[in-house]
Structure formats: C-alpha cells, structure tokens
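A short worksheet on the structure shown next.
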2 protein chains.
Amino acid sequence: MPRQAAEATILAAAERVFGQHGFRGTSMNEIAQEAGVPKANIHYYFGTKEELYRSVLEGIMTFWLHDADYWLVPERRACDGFEGYIRAKMMFSRERPDASRIFAYELLQGAGNIHHYLSTTLREHVARRGQTFAVWEEDGQMPRVDPAHLMFAIWSMTQAYADMSAQMNAVIGNAHLLESDFETGLQTILRLVLGFCNDVAGKS
Amino acid sequence: MPRQAAEATILAAAERVFGQHGFRGTSMNEIAQEAGVPKANIHYYFGTKEELYRSVLEGIMTFWLHDADYWLVPERRACDGFEGYIRAKMMFSRERPDASRIFAYELLQGAGNIHHYLSTTLREHVARRGQTFAVWEEDGQMPRVDPAHLMFAIWSMTQAYADMSAQMNAVIGNAHLLESDFETGLQTILRLVLGFCNDVAGKS
DNA sequence: GTCTATATTGAGATAGAC
DNA sequence: GTCTATCTCAATATAGAC
C-alpha cells in the first residue's frame with residue numbers, strides 16, 4: 001500500500017476506535033486490527049500512540065471552525081445565521097460522531113493536547129462571533145447576550161447528539177438514534193435559539 | 001480507621017481521580033495516594049477496580065434525579081420550575097464537577113455500566129417530566145415541544161460547565177471558571193429557556 | 001517498506017506477615 | 001483489619017529478518 005493510502009486508512013481506523021474508547025481505553029492492537037495492518041506499521045508511520053492521537057485531533061480541529069465562519073457573519077439575518085449554523089452542527093454530530101466524541105474526551109481530560117489551539121485560534125474565533133452578534137444586537141435582531149456563553153450553549157446542545165447518544169438511546173428506547181430523532185432535536189434547539197432571537201421586541 | 005470512614009475516604013478520592021482521568025486513565029495507585037491509604041486496602045474494601053468504579057457511579061446516580069422531581073412538577077408555574085431546575089443543575093456542575101465528568105465519561109464509553117438505570121429509572125423520570133410539560137402546555141404556559149429533547153438540551157447546556165470547562169477556560173482566558181462565569185452562563189441559559197416558555201402567545 | 005518476535009514497563013490483583 | 005512484597009498479564013515500543 002502506498003504511504004498516503006496507508007496513513008489515511010490508519011487515521012480513519014484510529015478515529016473510530018479512539019472515538020469509542022478514548023485515548024487511554026484504546027490499544028494500538030485494536031487500531032491495527034480495525035485498520036487491517038500490522039501493529040508495527042502504525043509505529044512506523046506515526047511514531048508513538050500519542051503522536052497518532054495528536055494527528056487524529058488535528059484532522060478534527062480543521063473541521064471545527066468552518067461552519068461558524070460561513071453562517072455567523074453580519075451580512076446574514078440573525079435567524080438565518082443561527083438556523084444554518086445549528087443545522088450544520090447537528091449534521092456534524094450525525095455524520096462524524098466519533099470525531100465529536102474524541103473532542104469531548106479531550107476536553108474532559110483537561111484539553112492538554114489542544115490547549116494552544118483553544119486559547120488562540122478558537123478564542124479569536126469566538127471573538128469574531130462577538131462582533132457579528134454586536135451588529136445584530138445594534139440592528140435589533142437579537143437581544144444583548146454574552147457571545148461566548150451563547151456559543152457554549154449551542155455547542156453543548158448540538159454535540160450532545162454525538163457525545164450523549166447512549167443516554168438518549170436509553171431514554172427514547174431505541175438501539176440507536178434515528179433520522180427522526182435528529183430532526184426532533186434540531187427543531188427543539190431551533191425553538192430555543194430562534195425563540196430567543198425573535199424575542200427582542202418584547203424584551204428591550 | 002473504622003470501616004465506614006475508610007470507605008467514605010476512598011470513595012471521595014476515587015470520585016476526584018476518576019473525574020479527572022476517567023476509568024481507564026486512572027490507576028489504583030493514584031487513588032490510593034489521593035486517599036492516603038495503601039493500595040491493597042482499596043481492594044480489601046471494594047474488590048476490583050471496576051466494583052469501586054460502580055460504587056462511585058451509584059453514589060452519583062442517586063443525586064441525579066432529585067432536582068427535577070422537586071422543580072419540574074405541574075403545581076409550579078412553568079417559568080419558576082425551569083428557573084429553579086436550571087439553577088440547581090448549574091450548582092451541581094459548580095460544586096461536584098468530578099461527578100458530572102464521571103457521568104460524561106460513562107456516557108461517552110457507551111454507558112455499559114448504567115444501561116439498566118438509564119433505560120428504566122431515567123426513562124420513567126423523563127416520562128413524568130412529559131406529564132408536567134403536557135399540563136403546562138394545556139395551560140398555555142409553554143409551547144408544545146418534545147419533552148425528552150428539551151431535557152437533553154437543558155442537561156447538556158448545564159453540564160457543559162463541568163464537562164467542557166477546559167474549553168471555556170481557554171476561550172474566556174482564565175485558569176478556571178469564576179463565580180461570575182457561572183452566573184453569566186446561568187443567565188444565558190435562562191434567556192434561552194425562559195424566552196421560550198414566555199413565547200407561547202406569539203407562537204400558538 | 002513490511003512484518004514477526006521480543007524487550008520492557010506499568011497496572012491490577014493477591015499472598016502472607018503483622 | 002492493615003500493609004509490604006510479589007505475581008501475572010497486557011500494552012507500548014522496537015529490533016531485526018525479509
């Protein structure tokens with residue numbers, strides 16, 4: 001197998017296994033079996049387990065910010081922006097649940113591997129959202145609110161459909177979340193956030 | 001040390017260490033040092049690492065349901081109920097962040113150790129919230145909404161202040177969350193949920 | 001570049017003295 | 001009941017043949 005294909009295969013397998021068992025709960029053996037390559041090859045391509053894990057994390061990070069830069073910009077109407085953004089986040093939880101879970105594990109551990117990323121790139125990213133929200137507030141499209149905490153709320157609600165899916169399955173009574181569950185969740189979250197941004201007249 | 005005191009000491013230490021590193025990331029050695037007892041004593045009192053972990057989980061579970069049974073009942077006004085419940089959940093994230101994280105780790109792992117609890121006790125618990133919400137909807141105090149998904153939203157937003165605190169710290173720029181951060185978060189969540197339950201006239 | 005066989009370490013668990 | 005010393009095994013990592 002050529003180098004590039006092998007690395008991609010291993011990274012994809014690692015994302016699945018890390019996403020299910022976390023960093024400490026995953027053995028190199030398991031990743032090797034999932035990828036269908038000998039264990040030694042993973043070390044040959046990626047060095048240590050931790051370096052492999054960091055590579056997986058980096059791939060996830062690049063995905064993280066795209067949606068907000070597309071949707072949460074002053075040129076849009078507030079309601080359109082929030083709806084598009086929340087839809088995109090729900091799609092991510094549905095299509096790449098393992099990536100979402102790896103991120104959640106990393107945060108639970110204290111985020112030691114991505115601290116630099118969080119306190120520079122993500123921090124500036126949130127600051128830009130703050131500028132967008134300031135314009136929308138000025139324009140009377142949404143009430144005054146702390147931008148960071150509003151983002152925290154949206155992230156947690158949408159990522160829950162990957163990170164807490166085991167709990168949702170048990171409560172709903174299915175083996176796994178269905179298309180319709182994601183749709184109901186989306187509508188519920190939209191009700192909360194759009195109700196909020198439609199509510200300006202009555203509040204301010 | 002008498003048996004009861006030793007067990008309580010070990011359980012408290014285990015909650016701290018499991019809450020920081022998760023089940024797989026925690027060694028019995030670390031718990032022993034945190035508790036200030038020899039490792040062998042932990043095995044004497046609790047058997048295996050997994051049995052100790054389950055004991056910690058059980059202690060957390062009993063706490064879980066109290067608040068909703070107190071606040072989300074038909075006798076209250078919807079707004080009062082939601083506000084009290086959300087305040088209680090935020091307090092839990094602030095005062096027992098390790099307990100919240102252990103629960104989050106367990107859900108990420110697939111909830112194998114608490115599946116029975118989730119699909120019986122918690123499921124019925126959510127069904128009772130559904131009855132409360134139905135009364136409030138009938139009474140025009142809140143719009144029609146899926147009860148389970150509304151609970152999912154509230155749980156994820158409030159627990160994020162324990163589970164995702166590393167991310168929040170980095171974005172806010174502090175070493176740890178302050179009293180004022182919890183207050184701002186609380187107000188943001190209340191805005192979303194109460195805006196929602198005040199919004200009935202304009203919707204239905 | 002690829003893989004088998006192995007060195008090394010760390011962790012769960014327990015035997016047995018006190 | 002309490003603790004030290006030790007057993008056993010699983011997992012990371014690498015040496016070295018092909």
Side-chain angles (χ1 to χ4, degrees), chain A residues 1-59 98 101-102 105-106 108-110 112-114, chain B residues 1-59 98 101-102 105-106 108-110 112-114:
Chain A
M1 206 187 296
R3 182 179 196 100
Q4 228 179 357
E7 287 183 353
T9 303
I10 293 167
L11 280 173
E15 180 171 307
R16 286 194 294 277
V17 184
F18 280 136
Q20 283 176 32
H21 308 304
F23 177 73
R24 298 298 289 269
T26 294
S27 72
M28 295 297 273
N29 223 324
E30 202 177 350
I31 297 175
Q33 287 190 332
E34 176 79 19
V37 304
K39 191 177 57 167
N41 293 27
I42 303 182
H43 285 288
Y44 173 74
Y45 284 120
F46 290 95
T48 70
K49 180 185 179 185
E50 198 170 331
E51 286 167 326
L52 170 61
Y53 174 70
R54 291 227 176 103
S55 298
V56 173
L57 266 181
E58 275 180 35
D98 289 321
R101 285 191 198 109
I102 290 173
Y105 272 119
E106 178 63 23
L108 278 174
Q109 304 263 16
N113 291 291
I114 54 173
Chain B
M1 205 187 297
R3 182 180 195 99
Q4 225 178 358
E7 287 184 355
T9 302
I10 293 167
L11 280 173
E15 180 172 306
R16 284 195 295 277
V17 184
F18 280 136
Q20 283 175 32
H21 308 304
F23 177 73
R24 299 297 289 270
T26 294
S27 72
M28 295 298 273
N29 224 323
E30 203 178 351
I31 298 176
Q33 287 190 332
E34 176 79 18
V37 304
K39 190 177 61 167
N41 292 27
I42 303 182
H43 284 289
Y44 174 73
Y45 283 119
F46 290 94
T48 69
K49 180 186 179 185
E50 198 170 333
E51 286 168 327
L52 170 60
Y53 175 70
R54 291 228 177 102
S55 297
V56 173
L57 266 183
E58 274 180 35
D98 289 321
R101 286 191 198 108
I102 289 172
Y105 272 118
E106 178 63 22
L108 278 174
Q109 304 263 16
N113 291 290
I114 55 173

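A note on names: the letters A, B, ... follow the listed sequences, proteins ahead of strands, and every chain is numbered from 1.
Following rounding to the nearest Å, B/E30 (CD) and C/dG10 (C1') show an atom-to-atom distance of 13 Å. Between the CG atom of B/N41 and the P atom of D/dT4 there is a distance of 9 Å, given to the nearest Å. The CD1 atom of B/I42 sits 14 Å away from the C1' atom of C/dT14 (whole-angstrom rounding). For the pair B/L52 CG and C/dA13 C1', the interatomic distance rounds to 14 Å; values are reported in whole Å. Rounded to whole Å, atom P of C/dG12 lies 12 Å from atom CD of B/Q33.
Residues B/V17 and B/D98 are not in side-chain contact: their nearest non-hydrogen atoms beyond the backbone lie 4.5 Å or more apart. Two residues are said to be in side-chain contact when any heavy atoms from C-beta on lie closer than 4.5 Å; B/N113 and B/E50 meet this criterion. When side chains are defined from C-beta on, A/F23 counts as touching A/K49, because their heavy atoms get closer than 4.5 Å.
Distance alone, capped at 3.5 Å, places no donor-acceptor pair between the B/E7 side chain and the B/Y45 backbone.
At the heavy-atom level, A/Y45 lies under 4.0 Å from the strands shown only through sugar-phosphate atoms.
Taking A/E15 as the reference, A/R96 meet the salt bridge (charged side-chain N to carboxylate O under 4.0 Å, His left out) condition, with sequence neighbours excluded.
Within residues 10-22 of chain B, no residue has any heavy atom closer than 4.0 Å to DNA chain D.
One finds no salt bridge joining B/E58 and B/R54 here, because no Lys/Arg side-chain nitrogen approaches an Asp/Glu carboxylate oxygen to under 4.0 Å.
Here B/Y44 does not reach the OP1 or OP2 of D/dC3: none of its side-chain N or O atoms lies under 4.0 Å away.
Distance check, rounded to the nearest 0.5 Å: CD of A/Q4 to OG1 of A/T9 gives 11.0 Å. Atoms OG and CZ, on A/S27 and B/R24 in that order, are 8.0 Å from each other to the nearest 0.5 Å.
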Distances under 3.5 Å between protein N/O atoms and the N/O atoms of nucleotides 10-13 of chain D, please, pair by pair.
from	atom 1	to	atom 2	distance (Å)
D/dT12	OP1	A/T26	O	3.3
D/dT12	OP1	A/M28	N	3.1
D/dT12	OP1	A/K49	NZ	3.4
D/dT12	OP2	A/M28	N	3.1
D/dA13	OP2	A/K49	N	2.8
D/dA13	N6	A/K39	NZ	2.9

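If you check D/dT2, C/dC3, D/dC3 against the side chain of A/A40, the one that comes closest is C/dC3.
Aromatic rings of B/F18 and B/Y53 (six-membered ring for Trp) have centroids within the 6.0 Å cut-off, being under it.
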